[in-house]
Amino acid sequence: MLTAITRGVSPAMASCELSFVERVPIDLSKALKQHRAYEQVLEKFGAKVIPLPAEPALPDSMFVEDPAMVLDELALIFPLGAESRRGEAASLAKVLSGFRALKYVQPPGTAEGGDILRVGRNLFVGLSKRTNEEGIRQLRSIVGEYRYTVTAVPVSGCLHLKSAVTFLGRNTLLANRKWFDASSMPGFEWVDVSPEEKHAANALAFGDTVILPASFPLTRAQVETRGFKVFPLDISELQKAESGLTCSSLLFDAKT
Ligand code: GLY
């Protein structure tokens with residue numbers, strides 16, 4: 001069954017890490033409502049949501065995509081590139097151990113799930129401020145045993161690779177190609193974000209429907225032109241903490 005692990009918004013979210021968004025005040029009650037609405041959308045698209053309690057001492061901990069990655073055969077736990085976030089991994093590993101065998105990337109390697117874009121058995125991994133070459137080397141060594149390929153993709157101008165590119169299905173990527181080396185990802189069809197909406201590339205696809213932040217109407221039109229349905233979701237308060245749509249859940253099939 002499609003399963004989504006989420007974690008409540010930390011009351012300390014205002015002190016989150018920021019890399020490519022300016023710090024502005026965050027209305028916590030609005031953020032909580034938007035996060036709940038996000039969980040409801042996951043349920044609407046068929047996921048069983050497992051909500052973990054908020055972590056008051058870990059401002060970025062609702063971004064559960066970053067400390068781990070779940071593949072069909074195993075789950076990987078990462079030493080996050082942001083030191084302030086390293087404490088997020090242990091509780092997530094405990095939950096994931098009920099679903100998958102765990103393997104660990106070890107320091108001095110760093111990796112964050114937001115840098116890993118999976119397309120079938122191909123993992124495109126952002127070489128970014130948060131994921132280093134040693135992290136990618138260890139990741140490649142671990143998943144190579146399970147016949148996944150790993151391609152490093154240099155990222156500049158944003159936080160994670162998936163801040164700049166996500167997979168919509170039908171061999172199509174939604175991207176801001178100014179923020180990463182798109183030549184590392186040949187053979188795809190591209191939908192480019194609108195130039196006025198640089199942050200619009202992080203979308204979450206369920207079948208032919210693409211969940212896209214409501215704040216990106218121009219990019220929405222471009223995605224729709226390519227034959228996808230778009231379900232807009234207001235995450236304006238969460239975006240102040242650099243949220244996209246993939247980072248707030250870990251999605252996987254609980255049976256495999
Ligand atoms: N605020 C998300 C991150 O920087 O990790």
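Just so it is clear, the values below take in all heavy atoms, side chains as well, and ignore hydrogens, waters and symmetry mates. Remember, it's 1-based here, ligands and their atoms both numbered in the order they're listed.
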Indicate yes or no: does an N/O atom of [X] lie under 3.5 Å from an N/O atom of ligand 1?
{"X": "Asp60", "value": "yes"}
{"X": "Ala241", "value": "yes"}
{"X": "Arg130", "value": "yes"}

(request) Please confirm whether Phe124 and Phe188 have ring centers closer than 6.0 angstrom. (result)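 Yes, they do, as the ring centres are separated by less than 6.0 Å.
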(message) For His199 and Trp179, take the angle between the two ring planes, folded into 0 to 90°, and tell me which bin it lands in: parallel under 30, tilted 30 to 60, perpendicular over 60.
(response)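 Aromatic pair His199/Trp179 classed perpendicular.
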(request) Test the Arg85-Phe78 pair against the cation-pi criterion, namely NZ or CZ under 6.0 angstrom from the six-membered ring centroid and within 45° of the ring axis. (result) no
(request) Any chance you could measure Glu197, atom CD, to Gln222, atom CD, to the nearest 0.5 Å? (result)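 Output value for this atom pair is 8.0 Å.
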(message) Heavy atoms only, cut-off 4.0 Å: how does Asp66 contact ligand 1, side chain, backbone, both, or neither?
(response) neither
(message) Taking Asp234 first and then Lys33, would you say they form a salt bridge - that is, a charged N and a carboxylate O separated by under 4.0 Å?
(response)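 The answer is no: the pair does not qualify as a salt bridge.
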(message) Test ring-ring contact (aromatic ring centres under 6.0 Å, His included) on Phe231 and Phe45; report intermediate values, then the result.
(response) CA-CA 11 Å; Phe231 185 103; Phe45 284 91; 5.7 Å; yes
(message) Taking 4.0 angstrom as the limit and counting only heavy atoms of Glu242, give me the atoms of ligand 1 inside it, by number and element.
(response)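 In order of number, 1 (N), 2 (C), 3 (C), 4 (O).
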(request) Show which atoms of ligand 1 fall inside a sub-4.0 Å distance from at least one heavy-atom site of Leu159. (result)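 Near Leu159, meaning under 4.0 Å from one of its heavy atoms, ligand 1 has 3 (C), 4 (O).
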(request) Run down the list Glu17, Arg85, Glu112 and name the one with the heavy atom closest to atom 5 (O) of ligand 1. (result)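 Checking each option, the heavy atom nearest atom 5 (O) of ligand 1 is found in Arg85.
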